[in-house]
Structures are given as C-alpha cells and as structure tokens.
Q: 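I have a structure here, written as structure tokens, and I will follow up with some questions on it.
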Amino acid sequence: MDTFSKNFSLEGKVALVTGAAYGIGFAIAEAYAKAGAKIAFNCRSQHHMDQALADYKAKGIEAKGYICDVTNEEEVKKMVADIEKELGVIDILVNNAGIIKRIPMTEMSVEDFRQVVDIDLNAPFIVSKAVIPGMIKKGHGKIINICSMMSELGRETVSAYAAAKGGLKMLTRNICSEFGEHNIQCNGIGPGYIATPQTAPLRERQADGSRHPFDSFIISKTPAARWGTPEDLMGPAVFLASDASDFVNGHVLYVDGGILAYIGKQP
Ligand code: NAP
Ligand code: GCO
C-alpha cells in the first residue's frame, strides 16, 4: 500500500465503538471493519447483543461484543481489560452510546435529567479514562465523541440532552488539551438529524399518512433537504480515526447537511 492510502487505512487497529448494536454506532463500526480495523462493541442487553452479532456476521464482519453499561466504571474497566487481552490495546475509541428524553424542562424529574447526563456525558469520561492509559503506553490514540446539533443549539424539551452534548464538546477539547502531547487526538462528530431508532418518534407518519410536523420542519431546516443516514457518518468517522487526521485535535466535525450554516427559509 502506498503512503497516501496507508494514511487513510485502519489496517490492524483495534477499535471500540460503544453502543454499536444498531444505529450510528453500527455504521461506524462497519466502516472501521471495512477500513481494516478489529472491532469491539458493547450494548446493555443479551437480546440486542444476539441480534447485533448476527447483523455483523451477515456483513462479513467478525466483531467482538461485550455486555456492558457504560455508566458503570467497574463494568467498563473489565470490558477494556478483556478487549486488551482478546484483541489488543485499543487504538480507536468512539464514545457513541447515548440516549435522549424529550420532556419539557419544568416537567422533567431530576432523575431523568441525571440519567441523560450520566449516559451522554459521564460515560464518555468513564470510558475514555479507562482507555487513555493504554493509548499513552502505545504512543498514540484516537478518541471520537459523538456530539450533536445540541452541542451548539437548544430547543424545547431537550434540556438534559443539550446540557450533556454541550458538555461533551468541552470534554473533547479538554482531552485534546490534556493528552495531545501523548499523540492522542480527541475530536467530536456532530451528526445532524439522522434516521435511526433514536429519532423514529420524530418521523412517524400521521394518521392521515402525512409527514410528522417535526419531520417536515427538519427537512426545511436542512440545506440538503433530507434526513441524514448512519452511512453519511462513515467517511468522517474513518478520517478522524486514521493517521490522515493526526494534526486535527479538539475539533467537532459537524455532519449535518448544512443545518448549522443556515438561518432557514424566509416565510
Ligand atoms: P440509537 O439508535 O438509540 O442507539 C443508541 C445506542 O446506545 C444503542 O445501541 C444503545 O444500546 C446504546 N446505549 C444507550 N445507553 C447505553 C448504556 N448506558 N450503555 C451501553 N450502551 C448504551 O441512537 P443513535 O441515533 O444511533 O445515536 C447514537 C449516538 O449519536 C448517540 O450518542 C446520540 O445521542 C448521537 N446522535 C444521534 C443523532 C440522530 O439524529 N440519530 C444525531 C446526533 C447525535 P442498548 O439500548 O441496546 O444498550
Ligand atoms: C431532537 C433530536 C436530536 C438529534 C440529534 C441532533 O429531539 O432534537 O433527537 O437531538 O437526535 O442529536 O443532532
């Protein structure tokens, strides 16, 4: 392989993608496998694990699955130790696992708010903390945090999610600041509105067969005039995991069909 192609290859690298049983994480793991990486992923239930392993196999990908809740530090430490034993020290970590709760702020319980922040912000801290020492010893590492439009924008009903994803953008910059000298690059990907189970309720057809009002709203707010797909994130995710991005650090790459550039159509 020539040096240019090698820069974009993930041949022989070990990648952990959290919450990659389906959705965006699954597509990123598939892209990494196609680029030559060995894949580890986790999810919380045996049911999702069985389905995911069958889905990876159907794509010809030999992925190693671990049942692990990313908010539980002991479970995360064990998973990282197991991956190191079974696949090798992790070169690439994608903090993808995440949830959203769409509840008006004054009606949201503190427990719900805390759960969103725990999974979407505290867990990337926990998993990164477990992986970084191996990266330092290995002399390099890539951490990619899956941020959001809500790392930049707010909207009614997503206060906890926006607080967590805004925090994740700053955790990204801080990991870059603290570990850049160890040849660790930490960047974010900020997906726009992507068609996955997480956004399915926003795309449900109405009783009369028409589009959900939020679905039409997103299409009108997106210069590309469509929802994104998990596949739209494959190229950016491979770039940020490859040697081609070795001097890109602390950046959030928005993959949003242009939403953040656009003020919206005039009435
Ligand atoms: P999704 O379809 O709901 O998938 C989320 C994944 O996270 C699932 O595999 C889920 O697995 C896992 N997960 C959740 N909590 C977990 C925990 N505590 N421990 C381990 N795994 C956990 O969501 P998605 O749309 O693919 O989103 C993936 C990431 O992108 C999330 O961080 C999301 O916030 C972000 N994002 C999504 C969009 C979008 O438009 N879809 C846009 C911007 C950012 P189990 O439930 O099986 O454990
Ligand atoms: C919402 C959405 C979003 C997206 C995504 C946008 O309710 O507004 O679910 O927050 O999932 O994170 O980038």
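We count ligands from 1, going down the list as the structure has it; atoms in each ligand are counted the same way.
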Q: Out of all atoms in ligand 1, which are within 4.0 Å of some heavy atom of C68? Include the element for each.
A: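 Listed by number with element, the hits are 19 (N), 20 (C).
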Q: M150 heavy atoms, cut-off 4.0 Å: which ligand 2 atoms fall inside?
A: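 Every atom of ligand 2 under 4.0 Å from some heavy atom of M150: 10 (O).
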Q: Closer than 4.0 Å to some heavy atom of G192 - which atoms of ligand 1 meet that?
A: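 So the atoms of ligand 1 that pass are 40 (O), 42 (C), 43 (C).
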Q: Heavy atoms only: which of R102, K101, Q198, E156 is nearest to atom 9 (O) of ligand 2?
A: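 That would be R102.
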Q: Ignoring angles and geometry beyond distance, decide whether T199 reaches within less than 3.5 Å of ligand 2 through its nitrogen or oxygen atoms.
A: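 For ligand 2, there is no N or O atom that lies under 3.5 Å from one belonging to T199.
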Q: Please evaluate residues F41 and F26 with respect to the criterion ring pair (Phe, Tyr, Trp, His ring centres under 6.0 Å), reporting the C-alpha separation (whole Å), side-chain torsions for both, the decisive distance (0.1 Å), and the verdict.
A: CA-CA 9 Å; F41 74 97; F26 184 90; 8.1 Å; no
Q: State whether the shortest distance between N or O atoms of M149 and N or O atoms of ligand 2 falls below 3.5 angstrom.
A: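 M149 vs ligand 2: N/O contact under 3.5 Å present.
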Q: Ligand 2 and V158, any nitrogen or oxygen pair closer than 3.5 angstrom?
A: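 Between V158 and ligand 2 (N or O atoms, distance only) the closest approach is not under 3.5 Å.
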Q: Have a look at ligand 2 and work out which part of K165, if any, has a heavy atom under 4.0 Å from it: side chain, backbone, both or neither.
A: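 For K165, no heavy atom sits under 4.0 Å from ligand 2.
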Q: Any N/O of N96 closer than 3.5 Å to an N/O of ligand 1?
A: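 Among all N and O atoms of N96, at least one is under 3.5 Å from an N or O of ligand 1.
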Q: Mind checking whether I194 contacts ligand 1 via backbone (N, CA, C, O), side chain (CB onward), both or neither, at a 4.0 Å heavy-atom cut-off?
A: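 I194 to ligand 1: contacts from backbone and side chain alike.
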Q: Below 30° counts as parallel, above 60° as perpendicular, anything between as tilted: where do the rings of F214 and H212 land?
A: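 Geometry flag for H212 against F214: perpendicular rings.
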Q: What atoms of ligand 2 come within less than 4.0 Å of a heavy atom belonging to S148?
A: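 With S148 as reference, the close atoms of ligand 2 come out as 5 (C), 6 (C), 12 (O), 13 (O).
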Q: Could you tell me whether T196 and ligand 1 have an N or O pair separated by under 3.5 Å?
A: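 It does: an N or O of T196 is found under 3.5 Å from an N or O of ligand 1.
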Q: Any atoms of ligand 1 less than 4.0 Å from a non-hydrogen atom of T199? List them with their elements.
A: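 Contacts of ligand 1 toward T199, numbered from 1: 39 (C), 40 (O), 41 (N).
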Q: Among protein heavy atoms, which lies nearest atom 10 (O) of ligand 2, and at what distance?
A: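 The closest heavy atom on the protein side is Y161 CE2, 3.2 Å.
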Q: So is G228 in contact with ligand 1, going by heavy-atom distances below 4.0 Å?
A: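 Flag not set, G228 not near ligand 1.
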Q: Test of understanding: given a 4.0 Å heavy-atom threshold, classify the contact between N42 and ligand 1 as side chain, backbone, both, or neither.
A: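 For N42, only side-chain atoms sit under 4.0 Å from ligand 1.
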Q: With nothing but distance in play, are any N or O atoms of G23 less than 3.5 Å from an N or O of ligand 1?
A: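 So ligand 1 has no N or O lying under 3.5 Å from an N or O of G23.
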Q: Would you check if the side chain of D91 reaches a backbone N or O of G141 as a donor-acceptor pair within less than 3.5 Å?
A: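 Looks like no, no N/O pair under 3.5 Å.
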Q: State whether D243 and K13 are salt-bridged, where the test is any N-O pair (Lys NZ or Arg NE/NH1/NH2 against Asp/Glu carboxylate O) under 4.0 Å.
A: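 Here D243 pairs with K13 in a salt bridge, since their nearest N and O are under 4.0 Å apart.
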Q: Is any N or O atom of Y161, backbone or side chain, closer than 3.5 Å to an N or O atom of ligand 1?
A: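 Checking ligand 1 against Y161, an N or O pair does fall under 3.5 Å apart.
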Q: What atoms of ligand 1 come closer than 4.0 angstrom to any heavy atom of D69?
A: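 Those of ligand 1 that fall under 4.0 Å from D69 are 17 (C), 18 (N), 19 (N).
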Q: Considering only heavy atoms of P197, which atoms of ligand 1 have at least one such atom less than 4.0 Å away?
A: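 So the answer, numbered in order with elements, is 2 (O).
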Q: Students often mix this up, so state it plainly: with edges at 30° and 60°, are the rings of Y193 and W227 parallel, tilted or perpendicular?
A: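 Rings of Y193 and W227: perpendicular, as their planes differ by over 60°.
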Q: What do we get for M149 next to ligand 1 when only non-hydrogen atoms under 4.0 Å count, side chain, backbone, both or neither?
A: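 For M149, there is no contact with ligand 1 at all, from either part.
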Q: Enumerate the atoms of ligand 2 whose separation from the nearest heavy atom of R155 is less than 4.0 angstrom.
A: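 Selected atoms, number and element: 1 (C), 7 (O), 8 (O).
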Q: Within the structure, does Q198 bring an N/O atom to less than 3.5 angstrom of an N/O atom in ligand 1?
A: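 Yes.
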Q: May I ask whether L202 has any heavy atom positioned less than 4.0 angstrom from an atom of ligand 2?
A: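 Checking ligand 2 against L202, which is what was asked, there is a heavy-atom contact under 4.0 Å.
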Q: Relative to ligand 1, is R44 under 4.0 angstrom through side chain, backbone, both or neither, heavy atoms considered?
A: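 The answer is both.
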Q: Have a look at ligand 1 and work out which part of A195, if any, has a heavy atom under 4.0 Å from it: side chain, backbone, both or neither.
A: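 Looking at A195 and ligand 1, no heavy atom falls under 4.0 Å.
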Q: Please could you name the atoms of ligand 2 that G192 approaches to less than 4.0 Å, counting only its heavy atoms?
A: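 What qualifies from ligand 2 is 6 (C), 13 (O).
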Q: Taking the non-hydrogen atoms of C147, is any one of them nearer than 4.0 angstrom to ligand 1?
A: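 The answer is yes, since C147 has a heavy atom less than 4.0 Å from ligand 1.
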Q: Please identify which atoms of ligand 2 are closer than 4.0 Å to at least one heavy atom of I100.
A: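 So the atoms of ligand 2 that pass are 1 (C), 2 (C), 7 (O), 9 (O), 10 (O).
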Q: For the 3.5 Å polar cut-off, considering only N or O atoms, please tell me whether I146 and ligand 1 meet it.
A: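 In this structure, I146 places no N or O atom under 3.5 Å from an N or O of ligand 1.
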Q: Counting each atom of ligand 1 from 1 as listed, which ones have a heavy atom of P191 under 4.0 Å away?
A: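 Here the atoms of ligand 1 in question are 42 (C), 43 (C), 44 (C).
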Q: Checking the N or O distance criterion of under 3.5 Å, is ligand 1 in contact with G19?
A: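 By distance alone, the answer is yes.
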Q: Identify, by atom number and element, the atoms of ligand 1 in contact range of Y193, meaning under 4.0 Å from any of its heavy atoms.
A: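 Listed by number with element: 40 (O).
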Q: Looking only at side chains, do N187 and T172 share a donor and an acceptor under 3.5 Å apart?
A: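 No - no donor-acceptor pair under 3.5 Å links their side chains.
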